[in-house]
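Heads up: the structure comes next, in structure tokens.
For clarity, every value in this text was computed on a predicted model and none was experimentally measured.
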Amino acid sequence: MNQYYMGIDIGGTTIKFGVFTSRGELVEKWAVSTNMQDNGKHIIPDIYQEVLSFSNKQGRVRAIGMGIPGPVSQDGYVEKCVNLGWCNSNPAKELAALLQDIPVAAGNDANVAALGECYYGAGKGHENIFMVTLGTGVGGGAVINGRIVNGFQGLSGEIGHIPVNSRETEQCNCGNRGCLDQIASASGIVRYTKKLLQDPSKKSLLRECKSLTSAAVSAAAVCGDPLASEALEWCMEYLGKSLSIVSHIIDPELFIIGGGVSKAGPMLIPMIRRGYDKNLFLKKSAADICLASLGGDGGIYGAAKLGMQECGNIP
């Protein structure tokens, strides 16, 4: 019977499944809706049924990895995951107890996506990378010597809450002010663009938008809109500044930029690079910066790799 590794990316709306060979080749993928009733207590049993169904039809699952949208301790403990309704739980141990003979590992979803990009995506060939996910918020994940860095409480990689703008007066969702999350996220880009649009002397195609989005700002910048370009440049420069802080702490070989905002494409890289170079003084040769390549599948690739590492299979 064939042996496979399963990567599971758990989100508040859908749960993505990917089945891989030991060489990281994707065999099959699918998704199911996330059952959020009763504070997410049905999520792990639903995952168990999906694993069981696959095993009965296709072959033995050797190990499983899961990406979870919140801080995850080294032992898989989740103190709080607001997106899923989980509190003081260990979903990896819960699933392993149901499966009995299959090792299960869990990690923060951004960290897991970073692991996927490191081994199978834009970071292939590098052992030390840092990935940034630009979406509704700003997430991050560090992979050092081919392993996820979780930190003491699972907070490693939370780059979105580095305070980088001391002039900010509005409060971030975390309670601080001037966080990168307020600037380089999709909502942060929209927020700053709206500030620029308050100046009537600035002409822009964006004044015709009924619903302003970061995608609209990016599209306008591609078309040469000066206000949109100014907004993106300002936001991405702060991201570059934040990456320079990361370099001074863990010194990665490569920064990988993913998430919905990264769909703006290659034009973001020189903007980020300018902010990065401006704030990095100790080394002449800086880390490379590139876009992620696995898209929405990064989570399942990384989760499967986490499962391989859990059972000692590290190809």
Side-chain angles (χ1 to χ4, degrees), residues 3-32 34 40 43-44 46-48 50-51 54-55 60-78 81 83-84 86 89-96 98-99 102-124 129 131 133 139-143 146-150 154 156-157 256 258-259 292-315:
Q3 292 193 11
Y4 300 105
Y5 298 84
M6 185 176 287
I8 304 171
D9 187 6
I10 307 174
T13 304
T14 60
I15 303 172
K16 299 177 182 178
F17 296 81
V19 179
F20 298 82
T21 67
S22 61
R23 294 186 297 275
E25 298 162 338
L26 180 61
V27 175
E28 185 177 343
K29 66 176 180 176
W30 70 96
V32 299
T34 309
I43 293 174
I44 295 302
D46 286 351
I47 289 173
Y48 167 68
E50 292 295 320
V51 177
F54 174 84
S55 299
R60 182 171 184 266
V61 176
R62 176 71 179 82
I64 293 172
M66 298 191 296
I68 295 170
V72 182
S73 298
Q74 188 72 41
D75 63 354
Y77 176 73
V78 176
C81 181
N83 289 352
L84 302 178
W86 290 345
S89 64
N90 194 312
K93 286 186 178 179
E94 185 181 339
L95 181 59
L98 292 171
L99 293 168
I102 300 177
V104 181
N108 169 266
D109 57 356
N111 291 344
V112 166
L115 190 66
E117 286 287 346
C118 181
Y119 278 92
Y120 308 115
K124 192 171 183 179
I129 66 102
M131 183 175 177
T133 53
V143 176
R147 295 274 181 166
I148 289 174
V149 178
N150 287 300
S156 176
I256 301 173
S293 64
L294 295 178
D297 288 343
I300 58 173
Y301 272 92
K305 186 64 183 180
L306 191 64
M308 293 178 196
Q309 292 180 338
E310 176 71 9
C311 69
N313 185 342
I314 309 175

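Side chain of E117 to main chain of G123: no donor-acceptor pair is present (N/O by atom type, distance under 3.5 Å, no hydrogens or angles). Side chain of Q3 to main chain of S22: no donor-acceptor pair is present (N/O by atom type, distance under 3.5 Å, no hydrogens or angles). Looking only at distances, no side-chain donor or acceptor of T133 sits under 3.5 Å from a matching main-chain atom of A110. For Y5 (side chain) and L306 (main-chain N/O), no donor-acceptor pair under 3.5 Å exists by modelled atom type. Side chain of N90 to backbone of D75: a donor-acceptor contact under 3.5 angstrom is found.
Residues A105 and A92 share a closest heavy-atom pair of C-CB, 4.3 Å. Summarising the geometry of Y120 relative to L294, their closest heavy-atom pair is O-CD2, 3.8 Å, with the distance given to 0.1 Å. Here the shortest heavy-atom pairing between V112 and G299 reads CG1-O, 3.3 Å. When every heavy atom of G258 is checked against every heavy atom of M131, the shortest pair comes out as CA-CE, 4.2 Å. Nearest approach of C81 to P69, heavy atoms of both residues: SG-O, 3.4 Å. Taking all atoms of both residues into account, the shortest heavy-atom contact from S293 to A122 is OG-N, 3.0 Å.
Ring geometry, W30 versus F54: the interplanar angle falls under 30°, so the pair is classed parallel (tilted spans 30 to 60°).
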From CA spacing to verdict: side chain to side chain contact (heavy atoms under 4.5 Å, CB included), I43, T34 = CA-CA 7 Å; I43 293 174; T34 309; 3.8 Å; yes

Steps toward side chain to side chain contact (heavy atoms under 4.5 Å, CB included) verdict (V78, I68) | CA-CA 9 Å; V78 176; I68 295 170; 4.2 Å; yes

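For the atom pair Q309 CD and Y119 OH, the distance stands at 5.0 Å (nearest 0.5 Å). Between the OG atom in S55 and the CE atom in M6 there is a gap of 6.0 Å [rounded to 0.5 Å]. Rounding to the nearest 0.5 Å gives a distance of 14.0 Å between CZ of R147 and CG of N111. To the nearest 0.5 Å, atoms OG (S89) and CG (L84) are separated by 9.0 Å. Expressed to the nearest 0.5 Å, how far OH of Y4 lies from CZ of R60 amounts to 13.0 Å. Taking NZ from K305 and CD1 from I148, the interatomic distance works out to 11.5 Å, rounded to the nearest 0.5 Å.
Every side-chain contact (heavy atoms from CB on, under 4.5 Å) that L99 has, sequence neighbours left out, goes to Y48, V51, I64, L95, I102, V104.
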Side chains of residues 8-18: which donor-acceptor pairs under 3.5 Å do they make with residues two or more places apart or in other chains?
unit_1 : atom_1 : unit_2 : atom_2 : d
K16    : NZ     : G296   : O      : 3.3

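The shortest distance between side-chain heavy atoms of I47 and I44 falls below 4.5 Å.
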